[in-house]
Every structure is written in structure tokens, then in C-alpha cells.
S.K.: 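This is the structure, below, for whatever I ask next.
The analysis underlying the following values was restricted to heavy atoms, covering all of them including side chains, and did not include hydrogens, waters or symmetry mates.
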Protein chains: 2
Amino acid sequence: MTLTPLPSAFDLDSQTLRLLAAVAEYGSITRAAGVLGFSQPALSQQIKRVEARIGMPLVTRAGRGIRLTDAGLVIARHAATVLAALESASGELADLAGLRSGQVRLSAFPSASSTIVPQLIRSMGEEHEGVRFTYLEAEPPEAIAAVRDGAIDIAIAFRHPADRDDPFAAGSEGLVVHELARDELLLLVPHGHAALPRPSGPEHPTPSAAPQPASPTAVDLAALRDETWIAGCPRCRAHLLDSCARSGFAPTIAFETDNFVAVMRMVAEGLGVALLPALTITASPLPPGVAAAPTTSGDHRMIVAVTRPGADRIPAVGETMRILRRLTARPDDAPRLPPRLDRSRV
Amino acid sequence: MTLTPLPSAFDLDSQTLRLLAAVAEYGSITRAAGVLGFSQPALSQQIKRVEARIGMPLVTRAGRGIRLTDAGLVIARHAATVLAALESASGELADLAGLRSGQVRLSAFPSASSTIVPQLIRSMGEEHEGVRFTYLEAEPPEAIAAVRDGAIDIAIAFRHPADRDDPFAAGSEGLVVHELARDELLLLVPHGHAALPRPSGPEHPTPSAAPQPASPTAVDLAALRDETWIAGCPRCRAHLLDSCARSGFAPTIAFETDNFVAVMRMVAEGLGVALLPALTITASPLPPGVAAAPTTSGDHRMIVAVTRPGADRIPAVGETMRILRRLTARPDDAPRLPPRLDRSRV
DNA sequence: GCTCTCCATAAGCCGACGTGATGGATCCGG
DNA sequence: CCGGATCCATCACGTCGGCTTATGGAGAGC
């Protein structure tokens with residue numbers, strides 16, 4: 001008989017519930033408006049707008065004040081439920097913001113897996129227990145691609161100064177590259193090799209005031225032009241060729257492996273010499289009989305972290321980046337990075 | 001160490017949850033925007049605004065599309081709860097609008113309690129089972145006051161044409177007065193009283209085509225100027241005086257009671273004559289030996305319903321008013337109102 | 001390499017919503 | 001019985017949020 005005016009579609013808003021809950025609680029539009037933080041006319045006509053939208057009065061005048069209608073009571077009654085749920089969501093957001101929860105998806109190259117990464121995760125765990133990590137070991141190109149398509153939040157990668165183009169200029173387009181630390185490329189030669197300078201003076205060098213490019217014990221690559229070389233992964237191999245070229249020769253490469261432990265043992269066995277990042281030596285101690293030394297040309301790679309722009313605004317990710325920078329920026333706090341030269345003797 | 005940016009106060013809005021739930025469901029801002037019914041940029045920058053407000057990204061680009069962050073997932077996850085609660089409230093509003101629930105607080109004067117009111121409540125109950133009633137018998141001034149201060153939704157009252165002032169012009173200020181029906185004031189006299197016209201013609205008069213002001217069997221008040229009168233409640237007494245005055249005499253009032261059953265019995269016992277509204281006779285049949293007749297001067301009262309302005313926009317109240325008008329407007333559908341003269345013989 | 005799709009951004013417009021001032025009605029105390 | 005205090009409704013006005021259309025850039029698939 002009577003047409004139902006609207007089948008449903010009373011599009012309620014949490015703000016509407018908040019308003020009516022306040023009116024119900026304080027029994028007065030004026031006081032509710034005061035508590036909610038705006039003027040009485042604002043609340044008054046806001047209620048009127050809602051009434052117009054749903055087609056029913058929500059309040060009626062009663063004496064000097066007002067009274068909620070059935071419809072108004074319905075809305076006020078549901079307010080607690082809705083506002084509690086919103087509060088719950090808000091609390092979870094606060095947990096994320098306060099680093100009491102959250103997740104960071106991390107990827108890094110192999111030698112970082114056993115050095116930077118465990119340190120980083122442990123440090124975060126100490127300060128922010130609720131933040132969870134996932135980790136996937138991957139070579140820089142793959143790790144960066146994973147950042148690009150959103151599968152990874154932070155990729156720890158490296159970049160050789162020479163290749164301004166290949167995996168980075170192309171791959172990191174639109175991403176943010178944070179330079180973390182310089183990782184020296186060290187020559188690995190059998191102990192007592194002729195190219196090594198004699199240990200002049202005391203065994204422990206001046207601990208801190210060592211100039212960067214030419215370390216006291218640096219070796220000139222050119223002195224090894226006639227050696228047999230052991231190369232690493234394809235990218236490392238390319239960089240070896242480049243470094244040698246800048247020293248004026250083309251190395252004779254007899255062995256290739258991306259397994260840096262194998263490289264060290266090959267050097268120990270006298271099969272050849274190699275150029276390895278210091279971090280790999282931190283990851284796995286040099287076998288006996290192998291010495292490491294920087295090059296006079298200051299060969300190195302940069303360890304970087306790659307993220308999407310704005311990723312640091314995700315609290316857990318931003319904090320992880322902060323800690324990552326702290327760990328890699330201060331060798332004193334983080335004794336394993338960059339490794340000290342004299343540890344090559346261990 | 002890290003300052004929590006905001007202790008809480010992530011003021012979420014149900015709209016925000018709706019948006020992110022849609023984005024989570026459809027995996028794309030464009031599609032979610034389509035489903036939600038607005039353009040892609042609208043949704044895009046609405047999300048951006050929320051991000052700026054809560055200080056965390058909610059979505060990140062992933063390849064061609066997007067991916068929700070932890071924060072985005074939190075919000076989307078809570079959406080179901082909040083939207084379900086809103087839907088529940090909306091459903092209750094729909095029940096109110098569809099007259100499947102609701103409440104009407106009714107008040108009426110005594111003789112309506114046993115005539116109009118039960119009929120009204122029964123009719124509503126037949127058509128709209130969910131609507132509940134409360135009822136409070138009260139004389140018009142009190143009933144109207146109750147409407148005024150919001151304790152009653154509909155007051156059924158009456159008004160004499162003479163007193164344009166006392167309980168109405170003053171009491172119904174700012175209220176809406178709906179005229180429902182004319183209620184004739186009938187003279188009650190002992191059967192066979194001299195003032196009664198002889199029953200001319202058949203016992204059953206023409207059922208419908210009776211002219212309003214002067215019914216065929218009408219009696220001139222002036223013929224009863226020397227009778228002893230029985231008066232009703234104070235307001236009725238005032239009106240009796242007024243009617244008699246307009247007929248040119250002042251009645252001799254020997255008895256006063258607002259109990260109309262008592263009035264009838266007094267007339268039956270020959271203690272005097274009275275002027276009673278037809279509705280009271282409907283409420284309680286005339287005792288044997290009493291005849292009723294309208295006056296030639298067409299004395300009557302108006303039965304009215306009084307509500308607050310806009311009260312008819314409350315669905316249950318509006319529908320009650322509709323039914324009330326229907327019951328009182330059509331004597332054929334509502335045979336008890338106004339009462340037929342020939343029923344005074346019963 | 002071309003095209004299609006998806007998201008981000010810019011410019012512009014309109015309506016929602018806030019404030020302050022004012023008026024009417026009610027309640028209360030003198 | 002009257003004047004002050006309180007509460008709500010209304011009005012006029014200014015601002016800002018938010019939507020739209022148009023456009024650009026980046027990624028994915030053929």
C-alpha cells in the first residue's frame with residue numbers, strides 16, 4: 001500500500017554517527033557542538049542536511065532543547081560499534097607508525113646476506129620488536145627489478161663506478177638509490193707475493209688517519225699484469241677487465257666463478273690472483289696463505305640501497321633505511337664494515 | 001629513540017575505508033573508481049589526501065598498477081566491519097521508513113479512548129505490524145502540552161467553534177492542528193420529551209443525503225430553556241453556556257460531571273437534560289428511555305489531531321495521521337464515526 | 001616498436017560546510 | 001508577571017574540499 005520511499009541506500013557516514021552519538025550523549029546540540037569542536041549552527045545544519053538526505057527527522061524540538069527521534073536513536077545506537085571499529089583501525093595504524101608492527105621486504109646480494117643483512121635485522125629487532133622482515137637473496141639487477149614492481153621494499157645492491165649505465169641507469173629509473181658505503185676491491189694474492197710491499201714498521205698501522213684512495217699497503221694493479229686471474233660473476237668480471245684496462249693491460253682470466261669462497265681457495269692454492277670486494281672477505285675469512293690489499297687506483301664498488309620514491313614514508317621501511325645508513329656509515333659502531341685491512345692476516 | 005609522530009588521532013572516515021576496500025577488492029584505482037561511481041582522478045587524489053593526513057602511504061605503484069601498503073591493508077581489512085555496521089544501521093532506518101518498525105506516542109481525550117483510538121491502532125496494526133503504540137488518555141490541554149514538549153507525537157483533541165482562544169490559540173502555538181471530523185453536540189432528553197419532533201415517516205431516514213447543519217430531527221435549544229441542565233467538564237460547561245446564550249437564555253445547571261455515562265443515566269432518570277457530543281454516545285450506548293437529537297443551531301465540536309510541525313515526516317507518525325484522517329473522513333468506511341443519529345435509538 | 005592501460009597531475013568549477021549575527025521560543029528567578 | 005538566560009533555527013557570506021575534464025608518463029603485451 002504505502003510505497004517504501006527508498007529500498008535501502010541510506011548512505012550513512014561515520015561523521016553522521018559521531019554527531020548523533022554526541023547529541024544523544026549530551027542531550028543538546030549546543031553542548032555536542034562544543035565538544036565536537038565547532039559552532040552550534042554548524043552542527044544544527046549538518047543534522048538538517050542528513051535529515052534531508054535520508055528523508056526523516058532525526059531530532060525534534062522538545063521544550064527548549066531537543067529529543068532524538070526513533071531514527072536518530074537508531075543512528076546514535078550504532079555509533080558505538082562503528083566508532084569502535086574505526087578506533088581499532090586507527091590503533092593499528094598507530095602501531096605501524098610507532099613501529100610496533102609492520103613488515104619490510106628486503107633483498108640483497110650474496111655477500112651482504114651474511115654481513116649487512118643479519119646485522120640490520122638484528123638491530124631493528126632490538127629497537128622495534130614488532131617489525132617483521134622477509135628476505136630474498138638476489139643479485140642487484142633482479143633485486144632492483146623486484147623493487148620496481150613492488151615485490152621488495154629495499155634492495156641492497158652495489159654499483160661499480162665504471163658502469164654508470166648497465167644495471168642502474170636503466171634499471172633504477174624512477175627509483176631512489178641511497179649510497180651506503182664504499183666497498184674496496186682488494187687484490188687477493190698468495191702470501192708473500194712479490195707485488196706485496198714489505199711490512200714496514202709495526203704490524204698494526206695507524207688505526208684511523210689512513211687516506212682513502214691510496215692505503216699504505218696499496219698495490220699497483222699493473223704489477224700483476226702477467227698473473228693468471230680468477231674472475232667472479234659476469235658483472236664482476238666486466239669490472240675486472242675495466243680496472244685492468246685503466247692500468248694498461250688485459251688480464252689473463254683462467255677461472256670464472258661467482259662463488260667467492262672458491263675464489264679465495266683458488267688463490268690459496270696458487271692457481272691465480274683475484275680482485276674481490278672487501279665485504280666478501282668480511283663474509284668469509286681469508287684462508288691461510290692468502291693476503292689482501294687495496295689497489296693504488298682505489299678500485300671499489302659502492303654499496304647502495306634502492307627503494308621506490310616515498311618508500312621511506314612507510315614507517316618500518318623508513319626506519320630500516322635509517323638503521324641501514326647508521327650501520328654502514330660508522331665503521332666504529334659497525335666494525336665489520338668496511339673491513340680493516342689488517343684483518344686480512346687472520 | 002624515534003618519536004612516534006602521532007600518538008593516535010588517525011581520524012578515519014567510513015568513506016576512506018570504503019575507498020580502500022574497493023581498491024583492495026578490484027586491485028586497481030581505475031576500476032574501483034568506476035564501481036564507486038566517480039572518476040579515476042577523484043579516487044586517486046582522495047587517496048592522496050588521506051595519505052597526507054595520516055602521514056603514511058596507503059598504496060604504492062607496482063608495475064602498471066598499484067599495491068596496498070601495510071597501512072592500506074589495515075584500513076581495507078577493517079572496512080568490512082565498519083561497513084557492515086553502517087549497513088545494519090541503514091537497514092534499521094529502512095525499517096523505520098518502510099513502517100516495519102517505529103513507535104507512535106498517542107494521546108486522546110476520554111471518549112476517543114474507546115472509539116477512535118482502538119480503531120486507529122488496530123488499522124495500523126493490520127497494515128504495519130512493526131509499528132508500536134503508546135497511549136495516554138488526557139484532556140486536550142494536557143495532551144497538547146505533551147505534544148509541545150515532545151512527550152507525545154499525536155494528540156487527538158477537540159475544539160469548540162466558540163473558543164478560538166483558550167486552549168488552542170494559546171496552547172497550539174507553533175503546533176499543527178489537523179481538523180478530523182465534526183462531532184455533533186446532541187441534546188439528551190428523556191424519551192418522549194415534548195421538545196422532540198414526532199417521528200415522521202419511516203424509522204430509518206435517508207442514509208446519506210442528510211444536510212449537515214440542520215438534521216431532519218433537529219431540536220431547537222430554546223425549547224429547553226426552562227429545563228434543568230446537566231453539564232459536563234468545565235470546558236463543556238462553558239460551551240453549553242455559550243450555546244444557550246446564542247439561543248437567548250441562560251440554562252439552569254443543577255448537575256456537573258465529566259462522566260458522560262453518568263450524564264446519560266441522569267437524563268434517563270429524568271433529573272435533567274444535557275448536551276453531549278455524539279462521540280460519547282458512540283462510546284457508550286444510550287441507556288433506555290433517553291433520546292438524542294441534534295440542535296437546530298448546529299452545535300458541534302471539531303475533533304482534531306495536534307502534532308509538532310514536521311512530525312508527519314516521521315514515517316510511523318505520518319502514516320498514523322494518514323490512517324487517522326481516513327478513518328475520520330469517510331463515515332462509510334468507518335461506520336462508528338461520526339455516529340448516525342438513528343443509532344441513538346439502540 | 002606500437003598501442004593500450006593505468007596512474008599522476010593540472011586547471012577549473014561548484015557545492016558543502018564553517019563562522020558570526022540575529023531572531024524566536026522556552027524556562028527560570030525575582 | 002516580567003526580564004534574563006538558554007537553546008535552537010535561520011541568514012548571509014566566505015572558504016576550501018573535492019569532483020570533472022584534459023593531459024602526460026610509465027609499464028605491459030602484441
S.K.: Roughly how far, to the nearest 0.5 Å, is CD of A/Q45 from CD of A/E51?
M.R.: 12.5 Å
S.K.: Within this structure, what is the CG-CE distance for the pair A/D312 and A/M321, rounded to the nearest 0.5 Å?
M.R.: 7.5 Å
S.K.: Can you tell me how far C1' of C/dT26 sits from CZ of B/R308, to the nearest Å?
M.R.: 11 Å
S.K.: Could you tell me how far apart B/L43 (CG) and D/dT20 (P) are, to the nearest whole angstrom?
M.R.: 10 Å
S.K.: Once you round to the nearest 0.5 Å, how far does NE2 of B/H178 lie from CG of B/L324?
M.R.: 9.0 Å
S.K.: For residues B/L68 and B/A24, report the shortest heavy-atom separation together with the two atoms involved.
M.R.: CD1-CB, 3.4 Å
S.K.: How many whole angstroms separate atom CZ of B/F38 from atom P of D/dG17?
M.R.: 17 Å
S.K.: Among the candidates D/dC19, D/dC7, C/dG18, find the nucleotide nearest to the side-chain atoms of A/T30.
M.R.: D/dC7
S.K.: Figure out the CZ/P separation between A/R31 and D/dC7, and round it to whole Å.
M.R.: 7 Å
S.K.: Does either side chain, that of B/H239 or that of B/R301, offer a donor lying less than 3.5 Å from an acceptor on the other one?
M.R.: no
S.K.: Expressed as a whole number of angstroms, how long is the span from A/E51:CD to D/dT10:P?
M.R.: 10 Å
S.K.: Whole Å only: how far is the CZ atom of B/R53 from the P atom of D/dG17?
M.R.: 11 Å
S.K.: How would you summarise protein contacts on nucleotides 8-16 of chain C per nucleotide, using B for base, S for sugar-phosphate only and - for none, with heavy-atom distances below 4.0 Å?
M.R.: BB-------
S.K.: On DNA chain D, does the nearest nucleotide to B/A42 precede the nearest nucleotide to A/D149 from the 5' side, or the other way round? Give the residue.
M.R.: B/A42
S.K.: Base, sugar-phosphate alone, or nothing: which one does A/S28 contact when heavy atoms must sit under 4.0 Å apart?
M.R.: sugar-phosphate
S.K.: For A/S113 and A/E137, test the side chains for any donor-to-acceptor distance below 3.5 angstrom and give the result as yes or no.
M.R.: yes
S.K.: Starting at the 5' end of DNA chain C, which residue's closest nucleotide do you reach first, A/A62 or A/G37?
M.R.: A/G37
S.K.: Grab the CZ-P distance between A/R64 and D/dA5 for me, whole Å please.
M.R.: 12 Å
S.K.: Could you tell me the separation between the CZ atom of A/R159 and the CD1 atom of A/I144, rounded to the nearest 0.5 Å?
M.R.: 9.0 Å
S.K.: Within this structure, what is the CG-to-P distance between A/L58 and D/dC8, rounded to whole angstrom?
M.R.: 15 Å
